[in-house]
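The structure presented is a predicted model; accordingly, all values stated were derived computationally and were not measured. In this chain, numbering begins with 1 at the start of the sequence shown.
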Amino acid sequence: MHETPPPRTLRVTSYNIRKTRGLDQRRAPHRTLDVINRIEADIVVLQEADHRHGQRPAAISPDLIARETDFNIVPVSRNDVSLGWHGNAILLRKGLGHGTVRHLDLPGMEPRGAVRLDLALPLRVSVIAVHLGLLRRSRLQQMEAIAEALPDEGHTIIAGDFNEWSPKRGLEPLEPHFTMYSPGHSFHAARPLAALDRIGLSPGLTLRDAGVRQDALARRASDHLPIWADIEIDARPGPLPGQP
């Protein structure tokens with residue numbers, strides 16, 4: 001008889017770093033990395049990781065990440081100066097590898113994109129990093145495009161800034177494929193009133209714990225607070241996303 005491998009637990013965090021500009025209006029990459037390091041995540045999904053002007057240079061230099069963290073940068077950028085793509089970046093705890101990256105162009109009134117990373121841990125896990133538009137109509141179109149680009153097998157985690165203020169509506173295109181979670185109010189950092197930052201899990205993934213980082217440093221470092229989730233990966237995944 002073959003024994004079933006034990007499930008693996010990953011800590012995933014999502015953080016809109018606002019190009020490292022804090023509520024004191026200072027750009028402080030070291031401070032942003034201090035917030036990230038304190039969460040002790042395995043996978044970090046970032047939004048607004050690049051500046052918007054010119055070639056969109058990185059808000060945090062790769063050299064600083066290499067010196068100050070235990071993370072590798074997933075190579076999602078399509079140039080030599082950005083950390084991410086459409087501001088979406090992914091950091092992986094050293095030892096997890098890189099996997100395969102796929103860029104997802106998203107429709108809508110604003111230029112938006114998502115990034116999909118396919119990992120083998122050895123169980124296959126895909127991570128989709130998102131920062132959706134400001135208009136609900138655009139967000140619904142963007143989520144429909146993401147649903148059409150889901151992997152055919154394995155487990156999938158979707159995480160990011162969904163820009164959705166409603167606790168009950170607005171995520172309908174993803175609901176057949178994911179169980180969506182809001183760890184708590186993450187915006188605005190000075191007075192958290194909305195759960196804009198969320199995580200979704202496909203069948204075979206179980207949420208064990210989750211929260212919002214709310215220490216004094218996190219409350220100054222960005223207008224968003226970082227969210228985190230401890231996710232258990234079942235060795236026997238459930239039905240594929242969208243399948244009965």
message: Do N88 and H131 pair up side chain to side chain, a donor and an acceptor below 3.5 Å, judged on atom types alone?
response: no

query: Between D197 and N16, is there a donor-acceptor pair closer than 3.5 Å when you use the side chain of the first and the backbone of the second?
result: no

task: Using atom types as modelled and distance alone, determine if a side-chain donor or acceptor of S82 lies under 3.5 Å from a backbone N or O of R56.
output: yes

Connected via hydrophobic side-chain network under 4.5 Å: I73 and V45: no

message: Measuring from atom CZ of R26 to atom CZ of R220, what distance do you get when rounded to the nearest 0.5 angstrom?
response: 8.5 Å

message: I need the D34 CG to R31 CZ distance, nearest 0.5 Å.
response: 9.5 Å

message: Quick check: do L201 and E232 have side-chain heavy atoms less than 4.5 Å from each other?
response: no

- request: Please check if atom CD in E40 has more than 12 non-hydrogen atoms from other residues, nucleotides or ligands closer than 6.0 Å.
  value: no

Residue pair R213 / T13, side-chain heavy-atom distance below 4.5 Å: no

task: Return yes when atom CG of D80 has more than 12 non-hydrogen atoms of other residues, nucleotides or ligands closer than 6.0 Å, and no otherwise.
output: no

- prompt: Between D42 and R8, is the closest basic N to carboxylate O distance under 4.0 Å?
  reply: no

- request: Taking all heavy atoms of H177 and all of P203, pick out the closest pair and write down the distance.
  value: O-CD, 3.8 Å

field: Within one Ile-Leu-Val-Met-Phe-Trp-Tyr cluster: I157 and V74, side-chain cutoff 4.5 Å
entry: yes

- prompt: Hey, does the side chain of R139 reach the backbone of N163 with a donor-acceptor pair shorter than 3.5 angstrom?
  reply: yes

query: Do R21 and Q25 get their side chains close enough for a donor-acceptor pair, meaning under 3.5 Å?
result: yes

message: Between I17 and I60, is there a side-chain heavy-atom distance shorter than 4.5 Å?
response: yes

query: Is there a side-chain contact between W165 and L196 (heavy atoms, below 4.5 Å)?
result: yes

message: For P183 versus G211, what's the shortest heavy-atom pair and its separation?
response: CB-O, 3.5 Å

query: Are V115 and I65 co-members of a hydrophobic cluster defined by side-chain heavy atoms under 4.5 Å apart?
result: no

W228 six-ring centre to R11 NZ/CZ under 6.0 Å and within 45° of normal: yes

Side-chain (E172) to main-chain (G170) donor-acceptor, under 3.5 angstrom: yes

message: Counting C-beta onward and ignoring hydrogens, is there a side-chain heavy-atom pair between V212 and P192 closer than 4.5 Å?
response: no

field: Interatomic distance, R136 atom CZ to S166 atom OG [nearest 0.5 angstrom]
entry: 5.5 Å

message: Would the distance check show the side chain of H188 and the main-chain N or O of A190 forming a donor-acceptor pair, the cut-off being under 3.5 Å?
response: yes

- line: In this structure, CG of L83 is separated from CD1 of I90 (nearest 0.5 Å) by 10.5 Å

field: Minimum heavy-atom distance A189-S222, with the two atoms named
entry: CB-O, 3.2 Å

query: Where is the tightest heavy-atom contact between G99 and L119, given as atom of each residue plus distance?
result: N-CD2, 4.2 Å

task: Give a yes or no answer on whether the side chain of H155 reaches the backbone of D234 with a donor-acceptor pair at less than 3.5 Å.
output: yes

statement: dist Q214:CD -> L217:CG (nearest 0.5 Å) comes out at 13.5 Å

- prompt: Out of curiosity, does V130 fall in the hydrophobic cluster containing L46 (side-chain heavy atoms, cut-off under 4.5 Å, transitive links)?
  reply: no

- prompt: Would you say E110 has more than 12 foreign heavy atoms packed within less than 6.0 Å of its CD?
  reply: yes

message: Among L10, V44, D70, which residue satisfies the side chain to side chain contact (heavy atoms under 4.5 Å, CB included) criterion with R93?
response: D70

- prompt: Has the side chain of R116 got a donor or acceptor atom that lies under 3.5 Å from a matching backbone atom of I128?
  reply: no

message: Walk me through whether L134 and R112 qualify under side-chain contact (heavy atoms from CB on, under 4.5 Å).
response: CA-CA 10 Å; L134 298 175; R112 297 276 177 170; 4.1 Å; yes

Closest heavy-atom pair and its distance - A89, A49: CB-CB, 3.8 Å

task: Would you indicate whether the side-chain heavy atoms of Y15 and T32 approach each other to under 4.5 Å?
output: yes

- request: Compare all side-chain heavy atoms of L171 with those of R198 and state whether any distance is below 4.5 angstrom.
  value: yes

message: Using 30° and 60° as the class boundaries, would you call the ring planes of W85 and H103 parallel, tilted or perpendicular?
response: perpendicular

message: With side-chain contact (heavy atoms from CB on, under 4.5 Å) as the criterion, how do I158 and I199 come out once you've worked through the C-alpha distance, each side chain's angles and the decisive distance to 0.1 Å?
response: CA-CA 6 Å; I158 187 169; I199 291 178; over 6 Å; no

- request: Decide whether I36 and I39 are clustered together by the hydrophobic rule: side chain heavy atoms of Ile, Leu, Val, Met, Phe, Trp, Tyr closer than 4.5 Å, transitively.
  value: no

query: What do the steps show when you test L91 against T69 for side-chain contact (heavy atoms from CB on, under 4.5 Å), and what is the final call?
result: CA-CA 10 Å; L91 307 179; T69 78; 5.7 Å; no

Side chain S138, main chain G108, donor-acceptor under 3.5 Å: no

message: Do K19 and R52 have side chains that approach each other closer than 4.5 Å (heavy atoms only, starting at C-beta)?
response: yes

field: Atom pair CG (L132) and CD (E164), whose distance is rounded to the nearest 0.5 Å
entry: 9.5 Å

- request: Show your working on side-chain contact (heavy atoms from CB on, under 4.5 Å) between L23 and R18 and close with a plain yes or no.
  value: CA-CA 10 Å; L23 299 192; R18 199 194 187 197; 3.8 Å; yes

field: V35 versus A221, closest heavy-atom pair with distance
entry: CG2-CB, 3.9 Å

query: Within the side chain of Q142, is there an N or O that forms a donor-acceptor pair under 3.5 Å with the backbone of G133?
result: yes

